[in-house]
Amino acid sequence: VRVDVAHVVGPCVGDAQYFGNQVRQGIALQVKPSNVVRRGQQLQAEVEGSQVEPYTVQITWDGVGITQASCTCPYDWGGWCKHIVATLLVCLHNPAQVEERPVLHTLLAGLDREQLHTLLVRLVEQRPGLADVIEGQVPALHAQPAADASMPRPRRSPSSRSCDCS
């Protein structure tokens, strides 16, 4: 992901003092390098915060800019939280720490029906809450033509900011 300081600053400009604190804290945050992963036009990271479990940051972009950025932290005051800023700063200052992995569609493309079935069952055994997610998706997949089922529909968040994420 190619970003510059202007793209990190953009969504955080509301209060200059607060932004300064975000950047200082963001640079100091422990973004685990082994947990910053890029899959195509998506970036996911785990960022140490004040909770026991690290926060999960997800950033998505297209050819124009960042279309979505979210974090599991409790921040809810508009703009990006310091964990999103920290993740973008890792991309800016330490791009070698971003692990490149294949997009999920490519990863799953070589599996046959039985392998996909086994994978889903094993995932639900490890994370029982996924059963409800799968159950909610099955009717929608049955209602769609087969060609549409494999194509995710992109959504642009209302607060998107421009970024050179190519």
Side-chain angles (χ1 to χ4, degrees), residues 1-62 64-108 119-120 122-137 152-166:
V1 180
R2 289 184 291 157
V3 295
D4 62 31
V5 174
H7 295 116
V8 175
V9 173
C12 306
V13 171
D15 176 358
Q17 180 181 9
Y18 179 71
F19 169 71
N21 288 336
Q22 271 194 315
V23 170
R24 281 192 292 280
Q25 292 175 11
I27 292 171
L29 285 173
Q30 297 295 72
V31 177
K32 297 179 182 180
S34 63
N35 291 331
V36 181
V37 176
R38 176 182 175 177
R39 291 182 187 273
Q41 293 181 310
Q42 294 185 330
L43 187 70
Q44 183 169 328
E46 289 186 358
V47 183
E48 295 291 332
S50 58
Q51 304 295 315
V52 174
E53 294 293 318
Y55 299 124
T56 300
V57 170
Q58 293 184 324
I59 301 168
T60 306
W61 63 93
D62 59 16
V64 178
I66 294 174
T67 58
Q68 186 270 341
S70 64
C71 181
T72 58
C73 78
Y75 176 82
D76 193 24
W77 293 281
W80 291 341
C81 69
K82 60 190 175 186
H83 310 104
I84 292 170
V85 173
T87 300
L88 290 170
L89 289 172
V90 164
C91 295
L92 178 64
H93 296 298
N94 301 305
Q97 291 183 0
V98 179
E99 181 181 348
E100 297 280 339
R101 292 188 189 168
V103 294
L104 197 54
H105 182 75
T106 302
L107 188 64
L108 298 175
L119 175 63
L120 283 172
R122 285 182 185 167
L123 288 173
V124 171
E125 287 171 355
Q126 293 173 4
R127 298 194 176 142
L130 287 175
D132 293 335
V133 175
I134 293 169
E135 186 177 7
Q137 292 296 312
R153 303 213 190 286
R155 287 194 267 165
R156 179 177 287 276
S157 67
S159 61
S160 32
R161 300 287 192 234
S162 181
C163 178
D164 183 21
C165 302
S166 51

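Just so you know, residue 1 is the first one in the sequence shown, and it goes up from there.
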Of all the heavy-atom pairs spanning [X] and [Y], show the shortest one and how long it is.
X: Tyr55; Y: Ser50; answer: OH-OG, 3.3 Å
X: Ala131; Y: Val124; answer: CB-CG1, 3.8 Å
X: Pro102; Y: Arg39; answer: O-NH1, 2.8 Å

Atom pair [atom1] ([X]) and [atom2] ([Y]), whose distance is rounded to the nearest 0.5 Å:
X: Glu99; Y: Gln44; atom1: CD; atom2: CD; value: 11.5 Å
X: Ile59; Y: Thr87; atom1: CD1; atom2: OG1; value: 5.0 Å
X: Gln42; Y: Thr60; atom1: CD; atom2: OG1; value: 4.0 Å
X: Leu43; Y: Glu100; atom1: CG; atom2: CD; value: 9.0 Å
X: Gln41; Y: Thr67; atom1: CD; atom2: OG1; value: 8.0 Å
X: Thr72; Y: Glu46; atom1: OG1; atom2: CD; value: 9.0 Å

Close side-chain approach of Leu88 to Ile66, heavy-atom, < 4.5 Å: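 Side chain of Leu88 against side chain of Ile66, heavy atoms only: contact under 4.5 Å found.
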
Audit row: Gln68, Ser70, side chain to side chain donor-acceptor pair (under 3.5 Å) steps and yes/no: CA-CA 7 Å; Gln68 186 270 341; Ser70 64; 3.0 Å; yes

Trace of the side-chain contact (heavy atoms from CB on, under 4.5 Å) decision for Gln97 with Val36: CA-CA 7 Å; Gln97 291 183 0; Val36 181; 5.8 Å; no

